[in-house]
Peer 1: 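Could you have a look at this structure, given as structure tokens, before my questions?
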Protein chains: 2
Amino acid sequence: MTETAAGLGRRRGRPPKAEAGDTKGALLQAALTLFAEKGYEGTSVRAIAREVGLSESVLYAHFDSKRAIFDAVLAELGPPSAVAVLEALDPTLADDPPAFVRTLVARILDEWAAPQSRQLISLMAQDGLIHDPALTAEIRVSVGSLAVQFERWIAAGYLAADLGSPWDLAYALMSPIALARVLWLHGAAKPEELAIARERVARHAELFVKAVFRAAADTQYADTQ
Amino acid sequence: MTETAAGLGRRRGRPPKAEAGDTKGALLQAALTLFAEKGYEGTSVRAIAREVGLSESVLYAHFDSKRAIFDAVLAELGPPSAVAVLEALDPTLADDPPAFVRTLVARILDEWAAPQSRQLISLMAQDGLIHDPALTAEIRVSVGSLAVQFERWIAAGYLAADLGSPWDLAYALMSPIALARVLWLHGAAKPEELAIARERVARHAELFVKAVFRAAADTQYADTQ
DNA sequence: ATTATCTATAGATCTATAGATAATGC
DNA sequence: ATTATCTATAGATCTATAGATAATGC
């Protein structure tokens, strides 16, 4: 099962050094897996311990309570910010808005398609955290930091200023991607669901680029007519 | 609490006709409320019965098992389709795409802001049903039926054919609204959250109308320049 | 006789703790 | 002495059922 697991026939007492692993880390990962699959109430402390191959009371040596395990999962494996993805982008890409948008969208999808990221969204979907103010706030921050980029593009004349506020533009770009995450990028997603999400999101990026950067595209369009 | 409730001091035996109410309906509504608030595992059969002011075993007179209650909640109070909203729209509105889009979006929001609708999305968010194939399928159908309208508009020349497929357009319009539902239109949403959702979605509709029906808007735009 | 309710309870969990045991590291 | 594990168990649920009770409707 896991690296630490040595089965249930383990003998009493502290195990020899050779057998010791990252028990706490293994417990956290097992907790994430089970919470994502069955929800908080649907997961027993016993089940988490058994998943790692230990007895349930070990868990209380590492965490104060069941709730503390849940909180630790969120805190330690918690949501990787979309802002980080944005900041990691090559700044020179900003001179080519369509390329910037395509790259950004692809990178976000890479991030959200990772197994742990998918388990986290499932955990949130299992336990009402989708409605959590923390998530709404996180989305506000992400959209806000993308809005800054749109503001620059408007100032630079890459797109019409009358379309909507930078924030509206950022929301129109990001929210279809966020929805794809909720619908298809869950813990138990099959490869074909990942592919659907990826295509859906790529198509959205194309539509967005064409509709929003039309001013620039129009010139090209007029040329070919 | 509820119409049926007569407190815990109720005497044994079948209650007189005057006191009888729609027990099954009250149990279903109580179940929806609690499942939406605390999730399936977080809600006990006892808690549902107590909410209605009855003892827990009454529930087994109406439903075979706890799971059967949950299924009945979904089946009887289940998702009101967005397709119904679309079909209820005045067909003559289709000649004015911007008005059509604004009206559609407002009507969907009315639907999703209703208390029972919000409790349902919370129930789904509490129990991993957000990832359920049934919901994904429902969204596919809704977007699909809206795509038909976009196809007509493209044929009628209301918008450029090269923007994206009718399906892409429908997804770009609907998914930010669907995300708003998940984020703000939950069971415990405060009036200010409902207002945020409504404004967010209205602003999105405006942006969408301007960006997508630009061909039509451009004429107007050129006039004023 | 049937229906709608109640009380009581069996049997299966679940969380959390107490106390035992054995390896580690000073 | 400390740390990491185990076994055993207390006490609190939870689901589901059995059997009692009283009103209803034939």
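Lettering follows sequence order; numbering is per chain, from 1.
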Peer 1: Report all interatomic pairs (protein N or O, nucleotide N or O of nucleotides 22-26 of chain C) with separations under 3.5 Å.
Peer 2:
| residue | atom | partner | partner atom | Å |
| --- | --- | --- | --- | --- |
| C:dA22 | N3 | A:Arg14 | N | 3.2 |
| C:dA23 | OP1 | A:Arg11 | NH2 | 3.4 |
| C:dA23 | O4' | A:Arg14 | O | 2.9 |
| C:dT24 | OP1 | A:Lys17 | N | 2.7 |

Peer 1: Between B:Lys66 (NZ) and D:dT17 (P), how many Å, whole number?
Peer 2: 15 Å
Peer 1: With the side chain of B:Leu54 defined as its heavy atoms from C-beta on, choose the nearest nucleotide among C:dT5, D:dA16, D:dT5.
Peer 2: C:dT5
Peer 1: Near DNA chain C, counting only heavy atoms under 4.0 Å, which residues of residues 42-49 of chain A show up?
Peer 2: A:Thr43, A:Ser44, A:Val45, A:Arg46
Peer 1: Could you tell me the separation between the CZ atom of A:Arg67 and the P atom of C:dT15, rounded to a whole number of Å?
Peer 2: 13 Å
Peer 1: Relative to each other, are the rings of B:Phe150 and B:Trp153 parallel, tilted or perpendicular (30° and 60° limits)?
Peer 2: perpendicular
Peer 1: Measure CZ/B:Arg50 against C1'/D:dT13 and give the value in whole Å, please.
Peer 2: 14 Å
Peer 1: Tell me, please, which residues at least two apart from B:Gln116 pass side chain to side chain donor-acceptor pair (under 3.5 Å).
Peer 2: B:Gln29
Peer 1: Among residues at least two apart in sequence or on other chains, which ones pass salt bridge (Lys or Arg N to Asp or Glu O under 4.0 Å) with B:Glu199?
Peer 2: B:Arg203
Peer 1: Scan residues 176-199 of chain A for pairs that pass ring-ring contact (aromatic ring centres under 6.0 Å, His included), counting only residues two or more places apart or in two chains.
Peer 2: A:His186-B:His131
Peer 1: With sequence neighbours left out, write down each residue that passes salt bridge (Lys or Arg N to Asp or Glu O under 4.0 Å) with B:Glu193, or none if nothing qualifies.
Peer 2: none
Peer 1: Under a 3.5 Å distance rule, please check whether A:Arg118 uses its side chain to pair with a backbone N or O of A:Leu185 as donor and acceptor.
Peer 2: no
Peer 1: Pairs in or reaching into residues 37-46 of chain A: which pass side-chain hydrogen bond (donor to acceptor under 3.5 Å, both in side chains), with residues at least two apart or in two chains?
Peer 2: A:Arg46-A:Glu56
Peer 1: Applying side chain to side chain donor-acceptor pair (under 3.5 Å), can you list everything that pairs with A:Asp71, at least two apart in sequence or on another chain?
Peer 2: none
Peer 1: Applying side chain to side chain donor-acceptor pair (under 3.5 Å), name anything that partners A:Asp110, two or more places apart in sequence or on another chain.
Peer 2: A:Arg198
Peer 1: Which whole-number value in Å describes the distance from A:Lys38 NZ to C:dC14 P?
Peer 2: 11 Å
Peer 1: Want to settle it: does A:Glu56 or A:Ala61 sit nearer the 5' end of DNA chain D, counting the closest nucleotide to each?
Peer 2: A:Ala61
Peer 1: Going by modelled atom types, is there a donor-acceptor pair between the base of C:dT7 and the side chain of B:Ser57 at under 3.5 Å?
Peer 2: yes
Peer 1: Any heavy-atom pair between the side chains of A:Ile69 and A:Leu27 that's under 4.5 Å?
Peer 2: no
Peer 1: Report the secondary structure of DNA chain D in dot-bracket form, marking unpaired bases with a dot and bases paired to a different strand with |, and treating Watson-Crick or G-U pairs with both distances under 3.5 Å as paired.
Peer 2: ||||||||||||||||||||||||..
Peer 1: In this structure, how many angstroms lie between the P atom of D:dC14 and the OH atom of B:Tyr40, rounded?
Peer 2: 13 Å
Peer 1: Given atom CZ of B:Phe63 and atom P of D:dT17, what is their separation to the nearest angstrom?
Peer 2: 15 Å
Peer 1: For B:Phe63, check ring pair (Phe, Tyr, Trp, His ring centres under 6.0 Å) against everything at least two apart and list the hits.
Peer 2: none
Peer 1: Between atom OH in B:Tyr60 and atom P in C:dC6, what is the gap in whole Å?
Peer 2: 15 Å
Peer 1: With a 4.0 Å cutoff (strictly under), does any side-chain N or O of B:Thr23 reach OP1 or OP2 of C:dT5?
Peer 2: yes
Peer 1: Under the side chain to side chain donor-acceptor pair (under 3.5 Å) test, which residues partner B:Glu151, sequence neighbours left out?
Peer 2: none
Peer 1: Under 4.0 Å between a side-chain N/O of B:His62 and OP1 or OP2 of C:dT3, yes or no?
Peer 2: no
Peer 1: B:Leu59 has an atom CG; how far is it from atom C1' of C:dC6, in whole Å?
Peer 2: 14 Å
